[in-house]
Amino acid sequence: MPKIWTERIFDDPEIYVLRIDDDRIRYFEAVWEIPEGISYNAYLVKLNGANVLIDGWKGNYAKEFIDALSKIVDPKEITHIIVNHTEPDHSGSLPATLKTIGHDVEIIASNFGKRLLEGFYGIKDVTVVKDGEEREIGGKKFKFVMTPWLHWPDTMVTYLDGILFGCDVGGGYLLPEILDDSNESVVERYLPHVTKYIVTVIGHYKNYILEGAEKLSSLEIKALLPGHGLIWKKDPQRLLNHYVSVAKGDPKKGKVTVIYDSMYGFVENVMKKAIDSLKEKGFTPVVYKFSDEERPAISEILKDIPDSEALIFGVSTYEAEIHPLMRFTFLEIIDKANYEKPVLVFGVHGWAPSVERTAGELLKETKFRILSFTEIKGSNMDEKKIEEAISLLKKELG
Ligand SMILES: Cc1cc2nc3c(=O)[nH]c(=O)nc-3n(C[C@H](O)[C@H](O)[C@H](O)COP(=O)(O)O)c2cc1C
């Protein structure tokens, strides 16, 4: 049974978190491997004459959501529901919640959110708020800020008394054993899972992270309450800075991510030589290998791209293409983690060189800067060519 948290996290205004730890999920969005799990966080604000529910949980936990909600408020006393983002991992519990409330409750969303609520659930009666609009509810001022494409076109955030309800803005994978950022070792362990979340979920729209961060910088944010993962009460700016750094792809000195496939060991021989040469030149390679024994998670590979200084691919030729798992890896890196970083490609073939054509075609319209393609036939490993490619990278990065 997933762990459920219902705790009062602020006294004035009185705010409760409703968090469920989804430890059953294996693939977020049916694709991203997340053995670490993900939480869905909703919030309840109790005010004078108004109870405001902000977001919800995934639909398969709707019953648990109503039970948890009922522990902190009589659902029939809820007056407003703010839907920051309509993706069903946050809005799936909404139809059951409305059924339990059983009376007219004001639903507040963005214009795009209204359209999606109708499309997903047939909900038509929605109050649309505009960018920067302020509404007084229960004697308090709620401000709504549109943050489109973080992570859908409907996404907005809600600001109340210095507290930002971010939904997908500020989220991360993992089921931290505490609710907030008060413990440094928990935060340090959590942040790589935030990186993984950002790249896999919002990586495609990473320029909007920079736009959104710029927009939110005009607000004084004392706490950030996201729809997934840790709540940020001690240092919300740290998380926002982390989002910006991932979006920019700020490199860690010396980190080079090396990804290759090897069916019978020929590519492996080439990559071993390349990795040795990298280490000799002071780089720190992070290596992922597809083989008969190993299959790294794409989500883990993606997590390592933003802070890499460079990427190195090693591919076998497979039916005049690159190996199918490497092809998928290329496509996902290009889609989710397309940065201005230097790239080396090593290709190993049996009878016809092809990597410049195949990998070249894939990387053609991306931001990556290809420093070299190195073609090798089977076991005819030309150590000089490998050395030259790594030296080129060293020269490029200094
Ligand atoms: C299923 C399969 C398809 C292949 N297709 C090609 C091909 O189209 N062109 C080619 O030159 N070599 C092809 N090869 C040969 C490999 O690219 C070559 O043996 C390479 O060295 C494999 O390296 P690895 O053992 O590290 O995977 C193929 C090999 C396999 C097993």
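Only a predicted model underlies this, so the values are computations on that prediction, with no experimental measurement involved. Both counts, for ligands and for their atoms, begin at 1 and track the order of listing.
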Chemist: Just to confirm my output: which protein heavy-atom neighbour is closest to atom 7 (C) of ligand 1, and how far is it?
Modeler: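 It is W351 CZ2, 3.2 Å.
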
Chemist: Strictly under 6.0 Å, is that where the ring centroids of F313 and F330 end up?
Modeler: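 Yes - the distance between ring centres of F313 and F330 falls below the 6.0 Å cut-off.
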
Chemist: A side-chain contact here means heavy atoms from C-beta on lying under 4.5 Å apart; do K289 and E268 qualify?
Modeler: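 Sidechains of E268 and K289: in contact.
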
Chemist: Distance to 0.1 Å, residue and atom name: give those for the protein heavy atom nearest to atom 5 (N) of ligand 1.
Modeler: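 Going by distance alone, atom 5 (N) of ligand 1 is nearest to E319 N, 2.8 Å.
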
Chemist: Checking a contact table here: which protein heavy atom is nearest atom 12 (N) of ligand 1, and how many Å away?
Modeler: G350 N, 3.0 Å

Chemist: For the residue pair H228 and Y197, is the inter-centroid distance of their aromatic rings smaller than 6.0 Å?
Modeler: yes

Chemist: Any idea which protein heavy atom is nearest atom 19 (O) of ligand 1, and the distance to it?
Modeler: F266 CD1, 4.2 Å

Chemist: Are any of the N/O atoms in V267 less than 3.5 Å from those in ligand 1?
Modeler: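 For ligand 1, there is an N or O atom that lies under 3.5 Å from one belonging to V267.
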
Chemist: Given side chains that start at C-beta, do those of W32 and L302 come closer than 4.5 Å, heavy atoms only?
Modeler: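 Of all side-chain heavy-atom pairs linking L302 with W32, at least one is under 4.5 Å.
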
Chemist: Below 4.0 angstrom from a heavy atom of A320, which ligand 1 atoms are there? Numbered from 1 as shown, please.
Modeler: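 The atoms of ligand 1 under 4.0 Å from a heavy atom of A320 are 7 (C), 8 (O).
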
Chemist: Starting from atom 22 (C) of ligand 1, find the nearest protein heavy-atom neighbour and note its residue, name and distance.
Modeler: S316 CB, 3.8 Å

Chemist: Given D292, V348, I322, T317, which has its nearest heavy atom closest to atom 28 (C) of ligand 1?
Modeler: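 Ranked by closest heavy atom to atom 28 (C) of ligand 1, first place is T317.
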
Chemist: Report yes if some heavy atom in the side chain of P285 is under 4.5 Å from a heavy atom in the side chain of K279; otherwise report no.
Modeler: yes

Chemist: Do I101 and L47 land in one hydrophobic cluster if side-chain heavy atoms of ILVMFWY residues count as linked below 4.5 Å?
Modeler: no

Chemist: Please report which non-hydrogen protein atom sits nearest to atom 25 (O) of ligand 1, along with the residue it belongs to and the distance in Å to one decimal place.
Modeler: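 So the nearest neighbour among protein heavy atoms is Y264 N, 2.6 Å.
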
Chemist: So, T86 versus D154: side-chain donor-acceptor pair below 3.5 Å or not?
Modeler: yes

Chemist: Is the closest side-chain heavy-atom distance between L230 and L179 below 4.5 Å?
Modeler: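 A side-chain contact is absent here, since even the closest heavy-atom pair is not under 4.5 Å.
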
Chemist: Could you tell me the residue and atom name of the protein heavy atom closest to atom 1 (C) of ligand 1, and the distance to it rounded to 0.1 Å?
Modeler: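 I find the closest protein heavy atom is Y318 CE1, 3.6 Å.
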
Chemist: Report, in ascending order of atom number, the atoms of ligand 1 lying under 4.0 Å from any heavy atom of M263.
Modeler: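 Listed by number with element: 24 (P), 25 (O), 26 (O), 27 (O), 29 (C), 30 (C), 31 (C).
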
